[in-house]
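Structure record follows, encoded as structure tokens.
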Amino acid sequence: MKKLISIETAETLHKSIGLSSKIMMKGCGHLPFIEVPHEFNQAVIDFLSQSVLSR
């Protein structure tokens with residue numbers, strides 16, 4: 001599997017974007033919404049739930 005973004009770059013981006021969340025999805029490439037849709041959707045729901053609750 002070809003990596004488009006290294007783990008190091010993902011970490012740098014995560015630290016640079018306020019209120020971001022970094023999730024590593026095992027066996028998933030660059031299209032998590034297609035490759036692991038249930039896991040991706042749950043991650044989005046969790047992130048949005050935390051965002052709404054923190055306001």
Side-chain angles (χ1 to χ4, degrees):
M1 177 184 307
K2 182 178 177 183
K3 291 182 182 179
L4 297 178
I5 299 176
S6 70
I7 293 173
E8 293 80 15
T9 300
E11 185 63 29
T12 299
L13 289 170
H14 168 58
K15 288 180 179 178
S16 300
I17 301 171
L19 302 176
S20 69
S21 179
K22 180 183 77 175
I23 300 169
M24 307 299 289
M25 296 180 178
K26 187 174 181 173
C28 183
H30 201 67
L31 300 170
F33 51 91
I34 293 172
E35 297 173 51
V36 288
H38 297 295
E39 186 177 350
F40 175 80
N41 290 339
Q42 189 59 57
V44 171
I45 290 167
D46 293 347
F47 177 80
L48 293 175
S49 295
Q50 291 172 4
S51 297
V52 170
L53 293 175
S54 66
R55 287 183 165 195

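Reckoned from all heavy atoms, side chains included, excluding hydrogens, waters and symmetry mates. Residues take their numbers from the sequence shown, with the count starting at 1.
Note: the hydrophobic cluster containing Met24 does not contain Ile45 (ILVMFWY, side chain heavy atoms under 4.5 Å, direct or indirect links). In the hydrophobic clustering of ILVMFWY residues, with side-chain heavy atoms under 4.5 Å counting as a link, Val36 and Phe47 come out together.
Residues that satisfy the side-chain contact (heavy atoms from CB on, under 4.5 Å) test with Leu31, not counting sequence neighbours, are Phe33, Ile34, Glu35.
Here side-chain hydrogen bond (donor to acceptor under 3.5 Å, both in side chains) pairs that include residues 18-34, with residues two or more places apart or in two chains, are Glu11-Lys22, His14-Ser20. Sorted by first and then second residue, the side-chain hydrogen bond (donor to acceptor under 3.5 Å, both in side chains) pairs with a member in residues 36-45 read Gln42-Asp46; sequence neighbours excluded.
Taking CD1 from Ile17 and OG1 from Thr12, the interatomic distance works out to 10.5 Å, rounded to the nearest 0.5 Å.
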